[in-house]
Amino acid sequence: MVRVPIVGRAPALQPPVPEPLPFKPVYPALSHDAVSKALAGAPADLIDALALIYDEAVHRIIVQMFEFGRPDDTPLDIDLREDMTLEIAKLTFWLGERVVEKRLSSGAWDAIDLAAEREAVLGPAGAEIIANTARMSFDHIWGRLIEERYKPKSIAAAKRKANPRRQVLAVKPVGKNHFIPRWFIRDLWAVDGKVLRWRRDGETWISARRGFGEWGYRHNLYSDRLEAWFGLLEGDAKKPVEMLLDTRPLNGPQREAFVGFLIIQLLRNPTFIEAHNQHLAPVIDSLDPSEGEWTPERSYEAMFQNNDLYRLLATPVMESRWAIVKSAEPLFILPDTFGVRAPGNDGLRLIAPLSPKACFVTLPDREETKRIVPRHLPASPALARRIATALIQAADREFLSHPDFTLAELPAPEPASAILADIAAAIAARGDD
């Protein structure tokens, strides 16, 4: 799928002045922090008013910059949308800082006249500066990104979609079924190739150091064919997981790969498989043998061909608001069930640890349009420990942790839905909505 955005190589002549897109102020203004830094001690209402003026100037720069690329109708791939949006956001903040530097270099604020400042920035003299800045921004930044990054990527994507690679399921005998991928443990949880494994011992837990490959597997957990299929899904999810941790935007296929990975992790662990088989055993025993030979294992594998079941689980995860909760200390743990499942009004909600310092969560409400990057919340030590307790409660027999993790100071268990509600409230309080 392709689209034609308002971007491309600059024309030889100055383009006609477009009908400007309306400026829609946001609060706090994007330039607010830059103005606050430049005018230390200035009144809040002055900072807010100036920031809105400079935001409007940046808005006009961006709109005119797009117009320089309008004559180019080269189609760009739709899956570049999120990356392009992030680059525009970065350019917007950078331009805002430059405008503030130019206008407020003296640091004096007591003699600023807002009407005069607005006229200087957005009036005829300012309009010329805005046009020149838009031209330079296109020539040196946005136009170069189009030519050097987005057009080559679009050409390559068009070739891939015209001749899609046929995925071959390489089924081979496997001695160990890793229900949590080796790369996930090695890259995100191991320290010097080792993990700290905790195992239930009555009412408590005991820990021991292990090699990263010595945990997260069972023998003969499922068939070699299913193992090969899981391997394809794991490979598709590796990059999206890394991008989420690096605060890089996921495109549509990458989000789908990540959600697929999460759902599979919930369904492939020994705890789920044992519960599934125990539940179905009496049902299968009651079936008429003449209707075919069924086993719990065969029924389990057939579940992965059930598209309705997948949609039932995946849709609420995909459509809920996403967030990454980060802890300054390595307090999050990786249970052998992979994460915490919580009921929502419209389906499944998750707390999924990606590393000892980062958890992916799906918030209680939905969002119609996905943000290019999830909301990020720096967790207080208290919140991080509440999440750690929930993850430990989700573990069946074992979990992994960072070597510095201890069970000390962990709070009492509570419903995961309460934790998710508090995370959503903390994000709202930060103005991240």
Side-chain angles (χ1 to χ4, degrees), residues 175-219 221 230 234 237-238 241-242 244-246 261-262 264-274 324-342 350-361 377-414 416 419 423:
K176 300 177 180 178
N177 296 125
H178 283 269
F179 56 90
I180 296 181
R182 284 169 56 90
W183 65 261
F184 189 82
I185 300 172
R186 179 194 65 223
D187 296 352
L188 303 176
W189 292 88
V191 176
D192 297 328
K194 300 288 186 179
V195 296
L196 187 63
R197 185 220 64 198
W198 297 74
R199 176 174 288 170
R200 283 191 186 276
D201 183 30
E203 297 299 316
T204 187
W205 297 87
I206 56 175
S207 63
R209 297 271 284 177
R210 293 286 185 270
F212 77 87
E214 299 178 52
W215 189 81
Y217 72 89
R218 292 287 188 276
H219 291 281
L221 190 59
F230 288 154
E234 292 171 14
K238 187 174 188 298
V241 170
E242 294 169 348
L244 283 171
L245 290 172
D246 290 341
F261 172 74
L262 293 176
I264 292 303
Q265 291 309 120
L266 296 179
L267 301 180
R268 71 187 290 197
N269 62 78
T271 303
F272 177 86
I273 294 174
E274 290 169 9
I324 302 292
V325 180
K326 291 197 172 181
S327 171
E329 301 299 325
L331 293 174
F332 301 139
I333 65 94
L334 177 62
D336 53 8
T337 55
F338 192 77
V340 177
R341 289 178 288 180
L350 295 176
I351 301 176
L354 302 182
S355 79
K357 292 185 176 183
C359 264
F360 169 84
V361 302
L377 177 68
S380 66
L383 176 58
R385 289 188 173 91
R386 290 170 65 194
I387 294 172
T389 295
L391 290 167
I392 292 173
Q393 288 294 305
D396 183 25
R397 300 179 180 90
E398 299 177 340
F399 67 85
L400 294 187
S401 77
H402 187 274
D404 294 340
F405 176 82
T406 70
L407 297 173
E409 300 183 18
L410 292 180
E414 61 184 306
I419 298 175
I423 291 172

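Quick note: numbers below take in every heavy atom, side chains included, and nothing from hydrogens, waters or symmetry partners.
- The shortest heavy-atom contact between Cys359 and Ile351 is SG-CG2, 4.2 Å.
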Could you list the donor-acceptor pairs under 3.5 angstrom formed between side-chain atoms of residues 377-395 and any protein atom two or more places apart in sequence or on another chain?
| unit_1 | atom_1 | unit_2 | atom_2 | d |
| --- | --- | --- | --- | --- |
| Ser380 | OG | Leu383 | N | 3.1 |
| Arg386 | NE | Glu414 | OE2 | 2.6 |
| Arg386 | NH1 | Asp422 | OD2 | 3.0 |
| Arg386 | NH2 | Glu414 | OE1 | 3.0 |
| Arg386 | NH2 | Glu414 | OE2 | 3.4 |
| Arg386 | NH2 | Asp422 | OD2 | 2.8 |
| Thr389 | OG1 | Arg385 | O | 3.1 |
| Thr389 | OG1 | Pro411 | O | 3.2 |

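- To the nearest 0.5 Å, atom CG of residue Leu354 and atom CG of residue Leu245 are 5.0 Å apart.
- For His402, the side chain to side chain contact (heavy atoms under 4.5 Å, CB included) partners at least two apart in sequence or on another chain are Val191, Pro330, Pro356, Asp404.
- Between Phe272 and Phe338, the distance separating the two ring centers is not shorter than 6.0 angstrom.
- What you find for Ile333 and Ser401 is that their closest heavy atoms are CG2-CB, 3.8 Å.
- Interatomic distance, Arg199 CZ to Trp205 CH2, rounded to the nearest 0.5 Å: 10.5 Å.
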Requested in this report: Output, in order, the C-alpha distance, side-chain angles, deciding distance and verdict of side-chain contact (heavy atoms from CB on, under 4.5 Å) for Trp215 and Arg197.
Outcome: CA-CA 8 Å; Trp215 189 81; Arg197 185 220 64 198; 3.4 Å; yes
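- Using a 4.5 Å heavy-atom threshold, the side chains of His219 and Lys176 count as touching.
- Note that OG of Ser207 and CZ of Phe399 are 8.5 Å apart. Values are rounded to the nearest 0.5 Å.
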Query raised in the report: Stepwise, does the side-chain contact (heavy atoms from CB on, under 4.5 Å) test hold for Ile180 with Trp189?
Result: CA-CA 12 Å; Ile180 296 181; Trp189 292 88; over 6 Å; no
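- Between Trp198 atom CH2 and Leu400 atom CG the span is 11.5 Å, to the nearest 0.5 Å.
- If you take CZ on Arg218 and CG on Asp336, they are separated by 7.0 Å, rounding to the nearest 0.5 Å.
- Glu242 contributes no side-chain N or O that, together with a main-chain N or O of Ala237, makes up a donor-acceptor pair within less than 3.5 Å.
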Query - Candidate pair Lys326 and Lys357, rule side-chain contact (heavy atoms from CB on, under 4.5 Å), full reasoning - result: CA-CA 5 Å; Lys326 291 197 172 181; Lys357 292 185 176 183; 5.9 Å; no
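- The minimum heavy-atom distance linking Pro353 with Phe184 is given by the pair O-CZ, 3.5 Å.
- Note that the CZ atom of Phe405 and the CG atom of Leu331 stand 7.0 Å from one another [nearest 0.5 Å].
- Here the closest non-hydrogen pair linking Asn269 and Thr337 is ND2-O, 3.7 Å.
- Of all heavy-atom pairs between Leu221 and Arg268, the closest is CD2-O, 3.6 Å.
- His178 has its side chain out of reach of Ile185: every pair of non-hydrogen atoms, C-beta onward, lies at least 4.5 Å apart.
- Judged purely by atom type and a 3.5 angstrom limit, Asp192 has no side-chain atom pairing as donor or acceptor with the backbone of Lys194.
- Side-chain atoms of Arg186 do not come within 3.5 Å of backbone N or O of Gly213 as any donor-acceptor pair.
- Under the 4.5 Å side-chain criterion, counting only non-hydrogen atoms from C-beta, Leu196 is in contact with Arg209.
- Residues Val241 and Leu188 share a closest heavy-atom pair of CG1-CD1, 3.8 Å.
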Query raised in the report: Passes side-chain contact (heavy atoms from CB on, under 4.5 Å), Asn177 versus Phe230? Steps please.
Result: CA-CA 10 Å; Asn177 296 125; Phe230 288 154; over 6 Å; no
